[in-house]
Amino acid sequence: MFRIRPESGEPLYVQLIRQIKHAVTAGTLPMGTQMPTVRQLAADLVINPNTVARAYTDLCQEGVLECAQGRGTFVKLAPSILIESEKARRLQSLLDQLITEARLLAISDKQLLEQLKDSLRRYSQQSATKTEK
Amino acid sequence: MEGPMVEVKDLSKQYGASPAVNRLSLQVPAGSLFGLLGPNGAGKSTTLKMLMGICRPTSGHANVLGMDAQTESLKIRRRVGFIPEDKSLYSDMIVRDFLKVYGSFYPDWSATKASELLDHWQIRAGQRIRTLSKGTRAKLMLIAVLSRNPELLLADEPTDGMDVETVEEILSLLLRWISNGDRSVILCTHRLDEVERVCDRIALINLGQTVLDGDLDEIRAAYKLIQASGTLPIAEIRKWPEVAEATMEGSFVSIRTCSHPEDVMKRLRAYSPVQFEIFDMNLREIYLCAVERQGGNSHDRIKTLV
């Protein structure tokens, strides 16, 4: 279920952390799921066991996973509880993209904010109509 | 074991007037899949041979599993597995007989382990080695060496010329083999994509010298590409110690760092650049950058790697 792209230059443990978090937040790895052992996952993905161990350790520290001594590693977070840092991170890259595009099109920050407010208003109206139906 | 499994200090080997290995130093900790990288003729195979005590260094010192590579070569050969560059096997023997003969040389031989691995790869013991494919022969070689229960494996291009699937199977086995933390592999190769994926530590050597070595994640964190445009003092930037290389096209500057990219970013911000981005570099880019920095005079040779 995980895909590692070594040629991207992004450290492999960072890629793995990102993908595990994604699977947890998306509900693909529900709370309580037992993770494969370091040895198993390393052999499956054909990556170094130290890489997997590092990802697991970081995720345990962040509270996404739980390392139960001698029993294995489990998913600790329920999908609904998005990790704050993860929420911010996912949004940030989209925001960066939006700002770059806006600058490229010579749209002022004020114009951008106005447009964003309009869109937000439209969205809340739409969901309101849906609820009425 | 405590301390590094392999410790090499200022190791040199001279063939006639030309140095094959030139004051090489490196350390391999336990539980590591260590990538020894370099173009053809960089000195990789010579280094492995010196570690096994098969060839004598001109100067310097190599310590393997706490033993001196020159004076305790026999003991080292018993505890270290070696897959040489030349992987020819006795082609007229059948697999079972070959393993029996091979195993008889080693006191720690495990016939159980050998047959487990044969099963794992579905290699029939009654087959004649001559009739095996190149990939299967490489696997058989690995089975023989690992069934000796060595503590350290030195593998010279173990996946050279293999198809993708065989490469995956071999690397996967090596990863499983080191994953209990007290065994290590030195993987000698010029396949950067493999190394980038499976190794936790690397040493890049070129012309017998270390160009770059250490923990791969730390190396990745140090080598970054920063692109910015604006009025930037390129001549000064080139002098910054963290900068390996900086080029300018018009007002567009590309900087490759070799340490502390965040410090470079901080200093660049003072010039309020218009656009400002930081990118990861893959091992190929890092390699080229490190060699360039060393005063690389062998660009053509490096290209054999990429």
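To find a chain, count down the sequence lines: A is the first, B the second, and so on, and within it residues start at 1. The analysis underlying the following values was restricted to heavy atoms, covering all of them including side chains, and did not include hydrogens, waters or symmetry mates.
Atom CD of A:Q111 is surrounded by more than 12 heavy atoms from other residues, nucleotides or ligands within 6.0 Å.
The shortest non-hydrogen separation linking A:P49 to B:S179 is CG-CB, 3.7 Å. The two residues A:Q40 and B:R176 have their closest heavy-atom pair at NE2-NH2, 4.0 Å.
Both the backbone and the side chain of B:L171 come within contact range of chain A, judged by heavy atoms closer than 4.5 Å. Contacts of A:T51 with chain B are absent, with no heavy-atom separation under 4.5 Å from either backbone or side chain. Using a 4.5 Å cut-off between heavy atoms, A:A42 contacts chain B through its backbone alone, with no side-chain atom that close. Both the backbone and the side chain of B:R197 come within contact range of chain A, judged by heavy atoms closer than 4.5 Å.
Distance alone, capped at 3.5 Å, places no donor-acceptor pair between the B:S172 side chain and the A:V46 backbone.
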Report task. For the pair B:E196 and A:L12, evaluate side chain to side chain contact (heavy atoms under 4.5 Å, CB included) and give the outcome as yes or no after the intermediate values. Result -> CA-CA 9 Å; B:E196 197 158 42; A:L12 304 194; 5.7 Å; no
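Expressed to the nearest 0.5 Å, how far CD1 of A:I47 lies from CG of B:L175 amounts to 8.5 Å. Interatomic distance, CD of A:E7 versus CG of B:L192, reported as 12.0 Å (0.5 Å rounding). Atom CZ of A:R54 and atom CG of B:D215 lie 7.0 Å apart (nearest 0.5 Å).
Here the options are B:D217, B:V198, B:L33, the test is side chain to side chain contact (heavy atoms under 4.5 Å, CB included), and the partner is A:N48; only B:L33 passes.
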